[in-house]
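Since this is a predicted model, take the numbers as computed values, not measurements. Letters A, B, ... mirror the listed sequences (proteins, then strands); counts begin at 1.
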There are 2 protein chains.
Amino acid sequence: MIEPLDRAITELKKLPGIGQKTAERLIFHLLTRDPEDVRRLSDALIDLVEEVDRCKICGNFSTGDKCEICADSRRNQEKICVVSRPWDVTKLESTQKYDGLYHVLGGLINPIEDVSPEDLAIDDLLERAKKEEVREVILALEPKTEGESTSMFLVKKLRPLDVEITQIAQGIPVGRELEFMDKATLGKAFEGRRDLN
Amino acid sequence: MIEPLDRAITELKKLPGIGQKTAERLIFHLLTRDPEDVRRLSDALIDLVEEVDRCKICGNFSTGDKCEICADSRRNQEKICVVSRPWDVTKLESTQKYDGLYHVLGGLINPIEDVSPEDLAIDDLLERAKKEEVREVILALEPKTEGESTSMFLVKKLRPLDVEITQIAQGIPVGRELEFMDKATLGKAFEGRRDLN
């Protein structure tokens with residue numbers, strides 16, 4: 001195979017979920033497209049890594065020192081929602097149910113993969129939580145072992161501070177049938193039952 | 001979502017088989033990679049469309065006017081294998097069972113999609129087949145309706161010339177069980193049976 005084809009396939013195969021077949025299919029597709037389209041894709045990827053930075057305050061994706069959420073004074077400054085990764089912010093924002101701020105930890109405590117509390121933006125969170133205006137820290141970490149233990153660690157650290165600590169609800173996803181839910185989720189759904197009176 | 005993220009997702013979604021979810025996953029992966037890696041991918045895509053051309057003789061992928069196969073005088077100049085698309089050449093070359101030349105038609109005759117013989121490199125093929133050194137034209141078009149009718153059309157055009165016309169074998173793929181083969185393939189396998197004496 002000629003060099004430019006081979007190199008494009010090699011580079012595409014480094015992406016997650018893209019094997020030889022998919023890379024070939026993509027390449028052959030690109031070769032039938034207008035070169036301008038391919039240039040737009042290529043530029044978008046370069047701009048992505050050159051322009052997308054992390055917010056110095058919360059760790060969210062940002063094009064400057066401060067992300068759009070931290071820079072928006074209309075956001076409720078009393079609440080900080082703690083997430084693991086920046087894309088969790090994107091996901092939670094899509095609900096349009098939350099008007100507060102965020103804090104991205106950058107991962108979860110995981111002794112097996114050698115991620116300790118010092119590797120995460122936990123000290124920054126505690127500093128932010130100490131501020132007078134902050135009243136509630138909402139934990140929105142993934143409901144799996146590492147998320148639970150990171151949440152527990154954060155609760156221990158946050159408890160001495162004068163803030164309310166809450167966690168987003170775990171339970172039955174909307175539209176799912178009880179029959180197909182796992183026991184752990186059903187247990188959480190029971191524990192988190194709401195009073196409807 | 002911030003502009004560079006949004007734009008990268010929009011561009012990735014134009015690729016076949018990549019939807020919103022996959023595009024997001026790729027983007028988030030790229031953002032955790034070394035920017036140099038992303039630049040290499042971006043450069044490879046640009047080089048792909050800028051450097052990969054079509055061979056002026058056979059229509060195969062090429063980095064100059066002549067592809068590696070047409071430029072190689074050790075290839076058997078007596079045989080021309082006719083394929084639909086340039087990547088069929090790559091595929092057939094991978095077998096290492098063929099030492100002749102190729103001819104890429106650029107598609108198949110398809111009245112429904114308005115592809116007529118004039119849209120394909122058929123006249124070029126006939127010109128090449130007329131050359132004294134050419135003794136065999138091997139048809140290797142996809143064994144589906146359009147492939148079959150294009151092959152039939154080519155046979156009609158090639159018959160007056162002094163060349164042998166052959167077609168690659170259709171039959172049971174290696175390693176497949178008879179039980180799961182379709183009737184058409186089994187029929188072709190019978191028709192194409194070989195004498196083992």
Side-chain angles (χ1 to χ4, degrees), chain A residues 1-18 21-22 24-55 60-64 67-69 85-91 93-94 106, chain B residues 1-18 21-22 24-55 60-64 67-69 85-91 93-94 106:
Chain A
M1 205 180 273
I2 56 178
E3 195 274 337
L5 272 178
D6 209 32
R7 184 153 47 93
I9 288 176
T10 305
E11 292 301 328
L12 280 173
K13 273 166 65 184
K14 292 180 185 167
L15 298 174
I18 296 189
K21 289 262 171 223
T22 313
E24 282 179 13
R25 194 165 48 86
L26 289 173
I27 292 301
F28 296 146
H29 166 84
L30 290 172
L31 283 168
T32 60
R33 285 254 300 266
D34 180 353
E36 262 319 302
D37 285 345
V38 180
R39 208 157 287 129
R40 257 195 296 278
L41 168 62
S42 170
D43 287 349
L45 297 180
I46 287 287
D47 291 350
L48 180 75
V49 290
E50 283 185 350
E51 292 174 16
V52 177
D53 215 325
R54 295 300 175 84
C55 173
N60 184 19
F61 290 132
S62 145
T63 47
C67 75
E68 285 176 345
I69 295 167
R85 300 282 177 194
W87 43 90
D88 297 336
V89 175
T90 314
K91 202 76 208 175
E93 279 297 285
S94 73
Chain B
M1 205 179 273
I2 56 177
E3 195 274 337
L5 272 179
D6 209 31
R7 183 152 49 92
I9 288 177
T10 305
E11 292 301 329
L12 280 173
K13 273 166 64 184
K14 292 181 186 167
L15 298 174
I18 296 190
K21 289 263 170 221
T22 312
E24 283 180 12
R25 195 164 48 88
L26 288 173
I27 292 300
F28 296 145
H29 167 84
L30 290 172
L31 283 168
T32 60
R33 285 254 299 266
D34 180 352
E36 262 320 301
D37 286 345
V38 181
R39 208 157 288 131
R40 258 195 297 277
L41 168 62
S42 170
D43 287 348
L45 297 180
I46 287 287
D47 291 349
L48 180 75
V49 290
E50 284 185 350
E51 292 175 16
V52 177
D53 215 325
R54 296 299 176 85
C55 174
N60 183 19
F61 290 132
S62 145
T63 47
C67 75
E68 286 176 345
I69 295 167
R85 301 280 178 194
W87 42 90
D88 297 336
V89 175
T90 315
K91 204 74 206 175
E93 279 298 285
S94 73

Point to revise | Distance (rounded to the nearest 0.5 Å) between B/L41 CG and A/K13 NZ | key: 14.0 Å

Revision key, fill the gap. Assert top hit (heavy-atom pairs under 4.5 Å, partner chain A, pool B/I46, B/I9, B/V89) equals B/I46

Review point. Any idea which of B/L45, B/T10, B/I18 has the most non-hydrogen atom pairs under 4.5 angstrom with chain A?
Key: B/L45

Check your understanding: Do you know which of B/C67, B/P16, B/G17 has the most heavy-atom pairs with chain A at a distance under 4.5 angstrom?
Key -> B/P16

Point to revise | Contact class of A/R33 relative to chain B, heavy atoms under 4.5 angstrom | key: side chain

Review point. Where on A/L12 is there a heavy atom nearer than 4.5 Å to chain B: the side chain, the backbone, both, or neither?
Key: both

Revision key, fill the gap. Rounding to 0.5 Å, atoms OG1 (B/T32) and CH2 (A/W87) come to a distance of 6.0 Å

Review point. Does the side chain of B/E3 reach to within under 4.5 Å of the side chain of A/T63, using non-hydrogen atoms?
Key: no

Practice item. Hey, could you give me the CG/CG distance between A/L31 and B/D53, rounded to the nearest 0.5 Å? Key: 10.0 Å

**Study point:** Minimum heavy-atom distance B/A8-A/A44, with the two atoms named
**Key:** CA-CB, 3.9 Å

Point to revise | Carboxylate-amine/guanidinium contact B/D37 A/K14, below 4.0 Å | key: no

Point to revise | Between B/I2, B/V49, B/L48, the one whose heavy-atom pairs under 4.5 Å with chain A are most numerous | key: B/L48

Review point. Quick one: OG1 on A/T22 to CG on B/L15, what's the gap to the nearest 0.5 Å?
Key: 11.5 Å

Practice item. Give, as side chain, backbone, both or neither, the part of B/S94 having an atom under 4.5 angstrom from any heavy atom of chain A. Key: neither

Check your understanding: Which bit of B/T90 comes within less than 4.5 Å of chain A, counting heavy atoms only: side chain, backbone, both or neither?
Key -> side chain

Review point. With the threshold set at 4.0 Å, does a side-chain nitrogen-carboxylate oxygen contact exist between A/R39 and B/E50?
Key: yes

Practice item. Assess whether atom CD of A/E51 is packed by more than 12 heavy atoms of other residues, nucleotides or ligands within 6.0 Å. Key: yes

Point to revise | Neighbour count above 12 (heavy atom, 6.0 Å) for B/E93 CD | key: yes

**Study point:** Under 4.5 Å from a heavy atom of chain B, the part of A/S62 involved
**Key:** backbone

